[in-house]
Amino acid sequence: GVLWEGDTVLPGGVEAITYLHSLKKRIFYVTNNSTKSRVEYVKKFSKLGYPAEAEQVIGTAFATGHYMRNVLKFEGKAYLMGRPGFKQELNEIGINTSEVGPDPTSGGLDAWSSIPLDPEITAVIVGFDEYFNYKKMTLAATYLSDPSCKFIATNEDNILPTGTKVILPGSGSLLEAVKFVSRREPVIIGKPH
């Protein structure tokens with residue numbers, strides 16, 4: 001179930017988890033959210049009153065890293081559309097990634113058609129990236145034009161839960177753009193897959 005919305009604890013959540021702990025139940029927190037590392041999640045759990053350790057948190061950033069390391073035996077470099085917590089989680093598992101954050105476009109068609117490529121990239125990973133833009137989509141599609149380039153996504157969530165009337169596009173919305181332009185289907189790590 002859902003334990004919080006934004007920074008608001010949902011009623012009964014802390015009490016339910018505390019009760020399960022008192023019964024000596026093993027508790028795992030599973031989330032499609034790839035924006036935070038497990039360490040960042042533990043801090044958030046603590047702030048909201050939930051007992052948690054990093055080993056109990058299974059987010060799509062962590063699951064993506066383990067899929068790449070243990071299933072794919074990935075040894076290359078990944079082009080990452082994501083946030084710093086996602087990069088941190090992948091790097092800690094031993095997955096080398098591109099930098100994350102703003103990557104502004106400039107110039108016109110001539111500049112965009114000669115964007116420098118990183119020859120070490122052998123995978124594209126799409127998670128939530130509030131800096132998603134034309135340049136990032138161009139790079140992802142170009143890397144994915146190589147059929148041997150792995151294509152991985154954290155989830156297909158179309159919107160972010162905000163608790164407000166504002167609709168914020170989720171990772172799945174960004175993923176759809178990359179899928180469309182690359183004409184490729186990714187391996188999707190998160191729920192419900």
Side-chain angles (χ1 to χ4, degrees), residues 1-14 16-17 20-21 25-42 44-45 48 50-74 78-83 85-90 92-93 95 97 100 123-130 132 136-137 140-141 144 149-193:
V2 177
L3 300 175
W4 64 72
E5 197 167 78
D7 280 330
T8 304
V9 175
L10 296 181
V14 173
I17 297 298
L20 291 171
H21 269 288
K25 299 291 181 182
R26 290 180 62 200
I27 295 172
F28 293 95
Y29 302 99
V30 181
T31 178
N32 265 358
N33 188 329
S34 65
T35 64
K36 293 177 178 55
S37 68
R38 291 177 302 152
V39 170
E40 290 171 313
Y41 267 115
V42 168
K44 180 159 187 169
F45 278 107
L48 297 177
Y50 290 99
E53 295 180 23
E55 296 75 32
Q56 295 175 283
V57 180
I58 303 171
T60 51
F62 177 73
T64 297
H66 273 274
Y67 172 79
M68 293 184 75
R69 174 63 58 224
N70 300 320
V71 175
L72 295 181
K73 310 293 187 209
F74 185 77
Y79 181 68
L80 177 61
M81 292 179 166
R83 297 193 64 200
F86 194 173
K87 178 177 175 52
Q88 176 188 346
E89 197 73 60
L90 292 175
E92 285 177 6
I93 293 169
I95 304 298
T97 68
V100 296
V124 170
I125 306 169
V126 178
F128 180 74
D129 186 342
E130 72 267 38
F132 182 82
K136 289 184 177 194
M137 188 167 50
L144 289 168
C149 185
K150 307 296 183 199
F151 187 16
I152 300 157
T154 58
N155 65 70
E156 295 180 293
D157 296 349
N158 62 332
I159 61 171
L160 301 176
T162 63
T164 71
K165 291 182 180 186
V166 176
I167 296 176
L168 299 178
S171 301
S173 300
L174 312 180
L175 174 60
E176 285 300 316
V178 175
K179 284 171 49 176
F180 185 79
V181 71
S182 69
R183 299 181 183 162
R184 296 270 307 266
E185 289 294 323
V187 171
I188 299 170
I189 302 299
K191 305 176 287 182
H193 299 277

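Bear in mind that the values here come from a model prediction, so they are computed numbers and not experimental data.
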Close side-chain approach of [X] and [Y], heavy atoms under 4.5 Å:
{"X": "Pro186", "Y": "Leu175", "value": "yes"}
{"X": "Glu92", "Y": "Ser37", "value": "no"}
{"X": "Val178", "Y": "Phe132", "value": "yes"}

Run the side-chain hydrogen bond (donor to acceptor under 3.5 Å, both in side chains) test against [X] and tell me which residues pass, sequence neighbours left out.
{"X": "Asn32", "answer": "Asp157"}
{"X": "Lys150", "answer": "none"}
{"X": "His66", "answer": "Asn70"}

Determine whether Asn33 and Tyr41 satisfy the following criterion, side-chain contact (heavy atoms from CB on, under 4.5 Å), listing intermediate values before the conclusion.
CA-CA 10 Å; Asn33 188 329; Tyr41 267 115; 2.9 Å; yes
For [X] against [Y], the heavy-atom pair lying closest together:
{"X": "Ser171", "Y": "Asn155", "result": "CB-OD1, 3.4 Å"}
{"X": "Ser34", "Y": "Thr154", "result": "CB-CG2, 3.6 Å"}
{"X": "Ser182", "Y": "Phe151", "result": "OG-CE2, 4.1 Å"}
{"X": "Leu80", "Y": "Val100", "result": "CD2-CG1, 3.6 Å"}
{"X": "Ile93", "Y": "Arg69", "result": "O-NE, 3.5 Å"}
{"X": "Ala52", "Y": "Val42", "result": "O-CG1, 3.5 Å"}

Can you check whether [Y]'s main-chain N or O pairs, donor with acceptor, with [X]'s side chain at less than 3.5 Å?
{"X": "Ser173", "Y": "Asn158", "result": "yes"}
{"X": "Arg184", "Y": "Leu144", "result": "yes"}
{"X": "Gln56", "Y": "Glu53", "result": "yes"}

Roughly how far apart are [X] [atom1] and [Y] [atom2], rounded to 0.5 Å?
{"X": "Lys36", "Y": "Gln88", "atom1": "NZ", "atom2": "CD", "result": "12.0 Å"}
{"X": "Tyr50", "Y": "Lys44", "atom1": "OH", "atom2": "NZ", "result": "10.5 Å"}
{"X": "Ile167", "Y": "Ile159", "atom1": "CD1", "atom2": "CD1", "result": "6.0 Å"}
{"X": "Asp129", "Y": "Leu174", "atom1": "CG", "atom2": "CG", "result": "7.0 Å"}
{"X": "Leu48", "Y": "Ile17", "atom1": "CG", "atom2": "CD1", "result": "12.5 Å"}
{"X": "Lys136", "Y": "Tyr79", "atom1": "NZ", "atom2": "OH", "result": "5.5 Å"}

Can the ring centroids of Tyr29 and Phe45 be said to lie less than 6.0 angstrom from one another?
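Yes, close enough.
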Using the side-chain contact (heavy atoms from CB on, under 4.5 Å) rule, take Leu72 and Val187 through it: C-alpha gap first, then chi angles, then the decisive distance, then the call.
CA-CA 11 Å; Leu72 295 181; Val187 171; over 6 Å; no
Salt-bridged, Arg83 to Glu130, with N to O below 4.0 Å?
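Salt bridge present between Arg83 and Glu130.
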Please say which of Ile125, Thr35, Thr97 ends up in a side chain to side chain contact (heavy atoms under 4.5 Å, CB included) with Phe86.
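Exactly one candidate clears the test, Ile125.
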